Amino acid sequence: IIYGNIIYGHCQAFNMERAEALVREMEEEGIDATMDIYHTMMDGYTMIKNEDKCLIVYKRLKECGFTPNEVTYGCLINLYTKMGKVSKALEVSETMKSNGIKHNMKTYSMLINGFIKLKDWANAFAIFEDVIKDGLKPDVVLYNNIITAFCGMGNMDRAITTVLEMQKVRHKPTSRTFMPIIHGYARAGEAKKAIQVFDMMRMSGCIPTVHTYNALILGLVEKRQMERAVKILDEMLVAGITPN
RNA sequence: GACAAGCACA
């Protein structure tokens, strides 16, 4: 139990060697690892993009007599989408379903995100249809994913209407909701619109993050509006955000 | 049920 927390900490800090050493230490003491420990280990390996190790952990989980649950499959789907192997992720999705485990918002988000990374908008939206068909109500993250997709397609208007839609359903946009939009306008050289969205964002009570500022500054720089970019940079420092 | 596996970046 205590081990679990420490291992979790190491995984988050990318110290996978340390985490692994602890697991071994635990086994030597005759303490059985719990499922969450396997999950955090899989996650850790996913973060450092070590597919093989992650799969080994998965295999060990099964060897220890655990039955994969939705989180386990989620970890696998996450792994494959992060590696850009969406077809593999879909296979996992099928196995999961045939084992009687339904998709939830997170597994769907991961799949959509995988397709978005490949710029496969058609399939991304196909998954979104499945979500609706399942009668699930999209959550904030899923909305953010959809917005990212619209921005990637260059369909900025749909992106904005989606934001309005989610507000209607009483979902508070997060700073990540607006980032792809600001970024999209920035890339298109529409600095004015980017700033408009930025204001809209603050109006809805979102606190801009470093990434938000980065997106905005990038746009201004591309438009050769260096003075404005520098001004924003100052605002950012005043807001107590450290540039990266 | 709530935590917990899903959304940043040239």
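Predicted model, so just to flag it, every value in this text is computed and none were measured. Here is the naming used below: chain letters follow the sequence lines, and residue numbers restart at 1 for every chain.
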Separation of [N] [atom2] from [X] [atom1] (nearest whole Å):
X: A:Asn145; N: B:rA5; atom1: CG; atom2: P; answer: 16 Å
X: A:Lys106; N: B:rC3; atom1: NZ; atom2: P; answer: 8 Å
X: A:Leu111; N: B:rA5; atom1: CG; atom2: P; answer: 18 Å
X: A:Asn244; N: B:rA10; atom1: CG; atom2: P; answer: 12 Å

Output every pair passing salt bridge (Lys or Arg N to Asp or Glu O under 4.0 Å) with a member in [range], not counting sequence neighbours, ordered by first then second residue.
range: residues 162-182 of chain A; result: none
range: residues 63-85 of chain A; result: A:Glu51-A:Lys85
range: residues 92-107 of chain A; result: A:Glu94-A:Lys97

Within [range]: residues closer than 4.0 Å to RNA chain B (heavy atoms):
range: residues 119-144 of chain A; answer: A:Asp139, A:Val141, A:Leu142, A:Asn144
range: residues 63-92 of chain A; answer: A:Glu70, A:Val71, A:Gly74, A:Asn78, A:Lys82
range: residues 201-218 of chain A; answer: A:His211

Counterpart residues, ring-ring contact (aromatic ring centres under 6.0 Å, His included), relative to A:Phe150 (two or more places apart):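 A:Phe150 satisfies ring-ring contact (aromatic ring centres under 6.0 Å, His included) with A:Phe125 once adjacent residues are dropped.
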Under 4.0 angstrom, heavy atoms only, what part of the nucleic acid is A:Asn104 near: base, sugar-phosphate, or nothing?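 Contact class for A:Asn104: base.
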Give A:Met105 one of three labels, base, sugar-phosphate or nothing, depending on what nucleic acid heavy atoms sit under 4.0 Å from its own.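 Counting heavy atoms under 4.0 Å across all strands, the contact made by A:Met105 includes a base.
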Of the options B:rA8, B:rA5, B:rA10, whose atoms approach the side-chain atoms of A:Thr107 most closely?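 From the listed options, B:rA5 comes nearest.
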Donor-acceptor check, side chain of A:Asn15 to backbone of A:Arg18, threshold 3.5 angstrom: yes or no?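 No, the answer is negative, given that no donor and acceptor are paired below the 3.5 Å cut-off.
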What pairs of residues pass the side-chain hydrogen bond (donor to acceptor under 3.5 Å, both in side chains) test when at least one of them lies in [range], not counting sequence neighbours?
range: residues 188-197 of chain A; result: none
range: residues 133-148 of chain A; result: A:Tyr108-A:Asp134, A:Asn144-A:Thr174, A:Asn144-A:Thr177
range: residues 110-130 of chain A; result: A:Asp120-A:Asn123
range: residues 32-49 of chain A; result: A:Glu20-A:Tyr45, A:His39-A:Thr72

Under the ring-ring contact (aromatic ring centres under 6.0 Å, His included) definition, can you give me all pairs with a residue in residues 178-199 of chain A, not counting sequence neighbours?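 Passing the test, one end in residues 178-199 of chain A: A:Phe198-A:Tyr213.
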Less than 4.5 Å apart, side chain to side chain, heavy atoms only: is that true for A:Asn99 and A:Thr95?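 Yes, close enough: below the 4.5 Å cut-off.
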